[in-house]
Amino acid sequence: MGGFTINVLECKSVSKWYGDAAVLKSVDFDLAQNEIHAIVGENGAGKSTLVKIISGLVPVDVGTIKFEGSDRTFSNIREIQNSGVALIHQEPRLFPDLSVLENVCVDYQVRDGKSKRFNWKKAEGETKELLAQLGCSFSVHSPVKALSVADQQMVDMVSALRKKLKLLIVDEPTASLTPSEVARLFETIRKLNASGVAIIFIGHRLEEVLQLSDRITVLKDGEVVAVKKTSETTEDELIRLMVGRNISASSTDSKTSSGQTSLKVSNLESPGYVADVSFEVNRGEILGIGGLVGAGRSELLETIFGLRKRSAGEVISTKHGSIKKVKRAISSGIALVPEDRAHNGLFLNRSINENLVITNLKLTSRGGKRNFGKEREIGQELIEKFRVKLSSATQLVRELSGGNQQKVSLAKWLKQEIEILLIDEPSRGVDVGSKSEIHQFLNNSAKDGMSIIMVSSDMRELIELSHRIIVMRNGRIAGELSGSEISEEAVLRLASGLATAGKGH
Ligand SMILES: Nc1ncnc2c1ncn2[C@@H]1O[C@H](COP(=O)(O)OP(=O)(O)OP(=O)(O)O)[C@@H](O)[C@H]1O
Ligand SMILES: [Mg+2]
């Protein structure tokens, strides 16, 4: 190469419209063979659209895309699949009822040279080996729907790695991963990169972006506002570039709660997931739940809420008494905002407004009659409060960018009279600006007396927001941290079983 860096990919003046909305405006983007190039930007900036165009899944309206010197045009899906470019989507796209192995084989099948028969044994061997390399321990025969989002991402990754890869694009792979899983993923990405695979990485956690990438392109409202060498920029500069305003740091004021218990969980048990969990949460308190993926954190929230079968134990609201079923939980002022919002929290084929008001029918209807004016008003208020980027409130939720979908699924709860909020990964996939708004919302709600039980894999979020942290491991409470005991290291030690300190239960 004689010292030259050869561009594997060159996008020139790429533009894209959805209806009248210009989503990408004359974007230039290039990628060298040995490079890890990150793309950052607010929710709805156009990041996913750009990489979908690069991978061939979405047609470009104007502009050219050259890959290894020739135009990237395809006549069918097979050509796209065999072109050496793989895209790992923001939300894993898998067949939930099929097994891991079946999913991996859906778009890439090794056939015997002569007989053209599909060789399951060989595919199984390859899949197992790749999963082991990625540090995954689940069975290739388990149905994908039984896996956590993080593990589903790994399945997606394996499908990509089975092909001859030249370019790997990962769209926000770390949103629901814990630090150790992020480390494992980054190691895989670096190894691939070292073996000659170019990488495009999209992420909202800027510290990770800075740690991994060689160069960073900043998109804002569909335009490239900067291309920076990673070594020559900082987190603050990136935030300024992508948001265009200053972000108020999350409040560090006194983390005090009332001291009045609002919910008491005793000896809660859900077979296979939650074992003998007991704790209390106070009015006005944010109780963080840490732990590795698979530790049973989401399952704990679901069991408290009554969604998951309980084999022993009690959940008692100080005000409303014993809670067993979902209906009772809801009528007692408990709300659950789930992690996998695309599947559990939203009606994708309904409008933004309908999604926002469905939880607020009490406020927007009387005697079974909908008041459309009131619905619009409440919808608009929530849209503005959470800065949902959209073309109109009647747009279908499925057309929103990933982060904006997350905002809708959160926002729809927030006109409620909630006493106890169970929230799973509050800022997964959400940009820095909206994240600080969500944090402010949680802080203010706690100040107003709400009890919040929050599962988060984002270490900074967990530590900054929580008054107290319970760390789970294998379905049990491994320890509890409060006040000055709270640190990233302490959480990690408990989560990985290196320590059994803390108050314990
Ligand atoms: N199929 C579609 N129909 C209409 N509009 C769309 C469609 N897909 C994307 N958009 C719009 O294009 C814009 C850019 O979306 P995109 O998914 O590329 O954003 P993003 O930068 O990936 O955001 P996020 O960080 O939230 O994932 C958004 O305003 C979105 O609503
Ligand atoms: Mg996206």
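Quick caveat: nothing in here was measured; it's all calculated off a predicted structure. Just follow the structure's listing: the first ligand is 1, and inside any ligand the first atom is 1. Atoms considered below: every heavy atom in the structure, side chains included; atoms not considered: hydrogens, waters and symmetry mates.
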Cut-off 3.5 Å, no hydrogens considered: what does the side-chain donor-acceptor table look like for residues 377-384, sequence neighbours left out?
unit_1: Q380; atom_1: NE2; unit_2: E384; atom_2: OE2; d: 3.2
unit_1: E381; atom_1: OE1; unit_2: K415; atom_2: NZ; d: 3.4
unit_1: E381; atom_1: OE2; unit_2: K415; atom_2: NZ; d: 3.2

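- Counting atoms of ligand 1 from 1 in the listed order, those under 4.0 Å from a heavy atom of T49 are 14 (C), 15 (O), 16 (P), 18 (O).
- With hydrogens and angles ignored, the 3.5 Å screen pairs no side-chain donor or acceptor of S15 with any backbone N or O of V62.
- Residue contacts with ligand 1: L50 is placed with no nitrogen or oxygen under 3.5 Å of a nitrogen or oxygen of the ligand (distance criterion only).
- The environment of CD in E489 is sparse: at most 12 heavy-atom neighbours from other residues, nucleotides or ligands sit within 6.0 Å.
- Distances from atom 22 (O) of ligand 1 to the heavy atoms of G19, G222, S48 show the closest one on S48.
- The environment of CZ in R184 is crowded: more than 12 heavy-atom neighbours from other residues, nucleotides or ligands sit within 6.0 Å.
- Of all atoms in ligand 1, numbered sequentially from 1 with element shown, those under 4.0 Å from a heavy atom of G402 are 26 (O), 27 (O).
- Under the 3.5 Å distance criterion, the side-chain polar atoms of S427 are left unmatched by any main-chain donor or acceptor of V430.
- Evaluation of the ring-ring contact (aromatic ring centres under 6.0 Å, His included) test over residues 384-406, restricted to residues two or more places apart or in two chains, returns none.
- Judged by distance alone, the side chain of N43 and the main-chain N or O of N404 form no donor-acceptor pair under 3.5 Å.
- With no hydrogens or angles considered, a side-chain donor-acceptor pair links N349 and R398 at under 3.5 Å.
- For atom 14 (C) of ligand 1, the nearest non-hydrogen atom from the set G44, A21, G41 comes from G44.
- In this structure, the protein non-hydrogen atom closest to atom 17 (O) of ligand 1 is S401 CB, 3.3 Å.
- No side-chain N or O of E237 forms a donor-acceptor pair with one of T234 less than 3.5 Å apart.
- Other residues, nucleotides and ligands place no more than 12 heavy atoms under 6.0 Å from the NZ atom of K374.
- In this structure, K166 contributes its side chain and G196 its backbone to no donor-acceptor pair below 3.5 Å.
- In terms of protein heavy atoms, atom 25 (O) of ligand 1 is closest to K47 NZ, 2.7 Å.
- With atom 26 (O) of ligand 1 as the reference point, the heavy atom nearest to it among A22, S434, G203, G403 is part of G403.
- Sorted by first and then second residue, the ring-ring contact (aromatic ring centres under 6.0 Å, His included) pairs with a member in residues 193-234 read F186-F201; sequence neighbours excluded.
- For atom 13 (C) of ligand 1, the nearest protein heavy atom (residue, atom name, distance) is V23 CG1, 3.5 Å.
- The number of protein N, O or S atoms lying under 2.8 Å from the Mg ion (ligand 2) is 2.
- In this comparison of K52, E172, E399, K220, the heavy atom closest to atom 3 (N) of ligand 1 sits on E399.
- Residue-ligand proximity, L400 to ligand 1, at heavy-atom distances under 4.0 Å covers atoms 31 (O).
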task = Walk me through it: do R297 and S457 pass the test side chain to side chain donor-acceptor pair (under 3.5 Å)?
result = CA-CA 10 Å; R297 299 166 306 164; S457 299; 3.3 Å; yes

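- The nearest protein atom to atom 1 (N) of ligand 1, hydrogens excluded, is given as Y18 CE2, 3.6 Å; this is a heavy-atom distance.
- At the top of the distance list for atom 27 (O) of ligand 1, counting protein heavy atoms only, stands Q90 NE2, 2.8 Å.
- Residue-ligand proximity: H204 is placed with a non-hydrogen atom under 4.0 Å from ligand 1.
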